[in-house]
There are 4 protein chains.
Amino acid sequence: MSTATGQVSPFPTPERRRRDRSAKREAILDTALELFLEQGYHHVTLNQVAERLHITKPALYNYFAGKTEILFACWMAGFEQAAEAIARIEAGPGDGLTRLRALIRDYGLLMTTPRGRCLIRFDDRDFTPEQRDRISACKKQVDAAFRSWIAAGIEDGSIRPCDPKMAAFVIGGALNWIGQWHRDDGPMSPQAVVDDFADRLTKGLATD
Amino acid sequence: MSTATGQVSPFPTPERRRRDRSAKREAILDTALELFLEQGYHHVTLNQVAERLHITKPALYNYFAGKTEILFACWMAGFEQAAEAIARIEAGPGDGLTRLRALIRDYGLLMTTPRGRCLIRFDDRDFTPEQRDRISACKKQVDAAFRSWIAAGIEDGSIRPCDPKMAAFVIGGALNWIGQWHRDDGPMSPQAVVDDFADRLTKGLATD
Amino acid sequence: MSTATGQVSPFPTPERRRRDRSAKREAILDTALELFLEQGYHHVTLNQVAERLHITKPALYNYFAGKTEILFACWMAGFEQAAEAIARIEAGPGDGLTRLRALIRDYGLLMTTPRGRCLIRFDDRDFTPEQRDRISACKKQVDAAFRSWIAAGIEDGSIRPCDPKMAAFVIGGALNWIGQWHRDDGPMSPQAVVDDFADRLTKGLATD
Amino acid sequence: MSTATGQVSPFPTPERRRRDRSAKREAILDTALELFLEQGYHHVTLNQVAERLHITKPALYNYFAGKTEILFACWMAGFEQAAEAIARIEAGPGDGLTRLRALIRDYGLLMTTPRGRCLIRFDDRDFTPEQRDRISACKKQVDAAFRSWIAAGIEDGSIRPCDPKMAAFVIGGALNWIGQWHRDDGPMSPQAVVDDFADRLTKGLATD
DNA sequence: GATGAATGAGGATTCATTCAT
DNA sequence: TATGAATGAATCCTCATTCAT
């Protein structure tokens, strides 16, 4: 990326072009996300997003097709993290209960981050029908992870027999709720919260 | 209100006037609430509300000062039901655990009704600062009920020692979540859901 | 108006009816006029007028056909006072200069009263075309009084030859302006102001 | 700004951009001003302003923050002319009487122009409190000019001793009134009017 | 004569989006 | 790629006015 003289070429290579572009997209996304969470989607104008980035409104359209595209991208950014956690746990070792606890911890932690909060703080009805469909499918994936590991735990004897669906609802509700009440400047660290929750939410489920 | 001939006088008494007015206010409120839950506050226009009531938009202003006033009234209507349940349980008999279970059932049931859903489906940032303050106080009341009965249960021995705050977060989260996933046309009746939840959410807490 | 027993009959005679009605009309007019001068015609709602009178908005329509009718009546109330002054001076003795000075004093005094202020503080374009026509005619009358007495003064030698029209413009402008700057709580009493003005405005005109 | 071939570049330089923008602002201002004087502020809609300019309503918001901003800008445009006249006379030679006469002429002429008329035809109560404050300060400047030159004239002997405040009221009233009665298509040219007024209004004041 | 309720018309303002440059 | 400018669509709200009672 540097010339023989050690200077950075002012002519960006196609490679760097792509990286720049991608970085800008990310910047827009994070800024928008921040504002959306702060003020609520409908109270945020694209002008605000642009201003905070020191660019102009139409420039945003070079990276996103419109306001809901940004919203959607925010949501997806959050989902990717959830999906990664699920994949990681899936790939790792452990019985049903172990995996469930791991997911509770990871998903709970996610809920204390901006990207994670998007998953439940955004209103479904602000998306286009197409986006809604995709989101719905993603949510099902997450739900399926919870349910399947509960079911697996019952199967492998680490979890007492119960209705996985209802159990998942309780756990999911408690975890999602974290995104509403947890404050970074609060008394409990995210890690402490999720450790507590992992215990508490599986206490009644574990066989031992 | 009826003449000797048994006919209702067409001249409304002041009493009836008040009742009529109140009934209309309620009708507006329920219609708005319905639409808000269906489409989301920002996607609902006052025209829609008026149309569904077969009146005109400005007529709404005879009953509410503006759009956010309606929103606020919806929220408060939901809160009143919660407050009533709390008062009823408070006035009734039972140890901490009994009361907690009763609240879980009542609050959970509320979450399956339109008015109850308002409590958690509306976005705080759509209210005026003054409204937000009042709502915040109301929310504290509900939270206090959960925490105080958990604490009372620990005191009276019906609940195992634990952190009432965290326990309340778990329970509150699970219950509020009901408002998001429960469908009236779903497989489980509201009563069945809350009975299950009352069990499930206190299983780990009960001393016996 | 009282019965033989000395009590006032609760059944108003037609005569008293008329007086009541007239009194109410006047009350509305004065209240409206007050508000119009305070806040400007377009910033005053009929609700405000009604409220200040402790009646309801539609009640106003029993006395006036609409908002502009009230405005018009206010203006006319002011004009009547001017017309009376003119008639009184016309009927009285004195040469042209004497009469001009008397008119300056009376018209100037009028400008320090609410009714008088209406004459120049209201915007012509807030009236209907018909009202505008009538007002225009009234204004001409006042203007004619000024001009004719100036002309009469030139004729009778009390005023030095000059263009009556231009002189009237100067005098009229100075007098109307009083309505804009004079405050009841200011340092000069209305009488002091108009005495000063009568002098000042005729100093250059008088022959002596 | 032009290419070697003498053609104007279609790519506006920043400089030209600024000029264009400024010119458009002026155009809006003049159009609005025209309409305000024609129909009165409250009877003019932004749509009318936009239509007369062959643009759309929201385009106006690129140049002015709102309707009252336009109103305010109109007033200020008028004031600037008055301020310039005052500064010019102040900078020039002459005793108090000479300067007073010059101001009468210039201010009187201003009153026969659209921009000048704004100074007295707009209603103070249509401005925001902040604007009102600024306008009030401006008006004081103009008033101060009249009074100070009258006082200066008394000092230097060109004007007979009198109360400068009252004299300024008379002169100001007469001049402002021009804006109400003078028509461009009337019998007297603006210049003729103000020459006459300068004479007439100082006749009683001059020492000789 | 007075009222509560309802209405119709209108107007300012906001904002996502587009386009020429 | 980025920008200034312009637009169209939409919405809340106000208010004079009317009408049944």
Side-chain angles (χ1 to χ4, degrees), chain A residues 12 17 20-21 24 42-50 54-70, chain B residues 9-14 16-18 20-21 24 42-50 53-70, chain C residues 12 17 20-21 24 42-50 54-70, chain D residues 9-14 16-18 20-21 24 42-50 53-70:
Chain A
R17 263 242 163 77
D20 280 2
R21 186 177 171 78
K24 284 183 191 168
H42 289 281
H43 296 294
V44 175
T45 73
L46 289 188
N47 249 335
Q48 286 179 298
V49 178
H54 305 295
I55 59 173
T56 61
K57 188 166 40 166
L60 297 174
Y61 285 82
N62 285 324
Y63 302 93
F64 292 96
K67 197 183 179 190
T68 77
E69 285 294 332
I70 301 181
Chain B
S9 160
F11 296 92
T13 62
R16 201 183 123 210
R17 267 251 160 77
R18 206 169 338 115
D20 281 2
R21 188 176 173 77
K24 285 182 193 166
H42 289 283
H43 296 294
V44 175
T45 74
L46 290 188
N47 249 338
Q48 287 179 297
V49 178
L53 287 161
H54 305 294
I55 59 174
T56 61
K57 189 167 37 170
L60 296 173
Y61 284 85
N62 281 326
Y63 301 92
F64 292 96
K67 199 183 178 189
T68 77
E69 285 292 331
I70 301 181
Chain C
R17 266 243 162 76
D20 280 3
R21 187 176 169 77
K24 286 182 191 168
H42 289 282
H43 296 294
V44 175
T45 74
L46 289 188
N47 250 336
Q48 286 180 298
V49 178
H54 304 294
I55 60 173
T56 61
K57 187 166 42 168
L60 297 173
Y61 284 82
N62 286 323
Y63 301 93
F64 292 95
K67 198 181 178 189
T68 77
E69 284 294 330
I70 301 181
Chain D
S9 160
F11 297 91
T13 62
R16 201 182 123 208
R17 266 250 160 79
R18 204 168 341 112
D20 281 3
R21 186 173 175 80
K24 285 182 192 168
H42 289 282
H43 296 294
V44 175
T45 73
L46 290 189
N47 249 335
Q48 287 180 298
V49 178
L53 287 160
H54 304 294
I55 60 173
T56 62
K57 187 164 42 166
L60 296 174
Y61 285 83
N62 281 327
Y63 301 92
F64 293 96
K67 198 181 178 189
T68 77
E69 284 293 331
I70 301 182

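A quick note: this is a predicted structure, and the numbers were derived from the prediction, not measured. When reading the values below, keep in mind they use all heavy atoms of this one structure, side chains included, and skip hydrogens, waters and symmetry mates. A, B, ... follow the sequence lines: proteins, then strands. Residue 1 opens every chain.
Atom C1' of nucleotide dA2(E) and atom NE2 of H54(C) are separated by 16 Å, given to the nearest angstrom. Distance, H42(B) NE2 to dA10(F) P: 18 Å, rounded to whole Å. With rounding to whole Å, L60(D) atom CG is found 10 Å from dA12(E) atom P. When rounded to the nearest whole Å, the span between CD of Q48(D) and P of dG11(E) equals 8 Å. Taking atom CZ of F64(B) as the reference point, atom P of dC12(F) lies 15 Å away to the nearest angstrom. Atom CD1 of I55(C) is separated from atom C1' of dG4(E) by 15 Å (rounded to the nearest Å). Atom C1' of nucleotide dA20(F) and atom CG of D20(B) are separated by 14 Å, given to the nearest angstrom. Here dT14(F) presents its P atom at 16 Å from CG of L46(C), a figure rounded to the nearest Å.
Taking only side-chain nitrogens and oxygens, R21(B) never comes nearer than 4.0 Å to OP1 or OP2 of dG4(E). The side chain of K24(D) places an N or O atom within less than 4.0 Å of a non-bridging phosphate oxygen (OP1 or OP2) of dA6(F). A sub-4.0 Å separation between OP1 or OP2 of dT1(F) and a side-chain N or O of N62(A) is absent. Between dA6(E) and Y63(B), a contact under 4.0 Å exists linking OP1 or OP2 to a side-chain N or O.
Considering CD1 of I70(C) and CG of L46(C), their distance stands at 5.5 Å, rounded to 0.5 Å.
Under the 30°/60° scheme for interplanar angles, the aromatic rings of H42(A) and H43(B) are found to stand perpendicular.
No donor-acceptor pair closer than 3.5 Å links the side chain of K24(D) to the backbone N or O of L60(D). Judged by distance alone, with hydrogens and angles left aside, the side-chain atoms of E69(C) form no donor-acceptor pair with the main-chain N or O of G66(C) at under 3.5 Å.
No engagement by V49(C) is indicated, since no non-hydrogen atom pair under 4.0 Å with the nucleic acid exists.
Remark: dA20(F) base-pairs with dT3(E). Criterion, Watson-Crick or G-U wobble with two distances under 3.5 Å. In this structure, dT14(F) forms a base pair with dA9(E), meeting either the Watson-Crick or the G-U wobble geometry with both donor-acceptor distances under 3.5 Å.
Residues T45(A) and V49(A) have side chains not in contact (no heavy-atom distance under 4.5 Å, counting atoms from C-beta outward).
Of the candidate nucleotides dA16(F), dT7(F), dA5(E), dA16(F) has the atom nearest to the side chain of T45(C).
Along DNA chain E, the nucleotide closest to K67(D) and the one closest to Y61(A) are compared, and the more 5′ of them pairs with K67(D). If you find the closest nucleotide of DNA chain E to K57(D) and to P58(C), the one lying nearer the 5' end belongs to P58(C).
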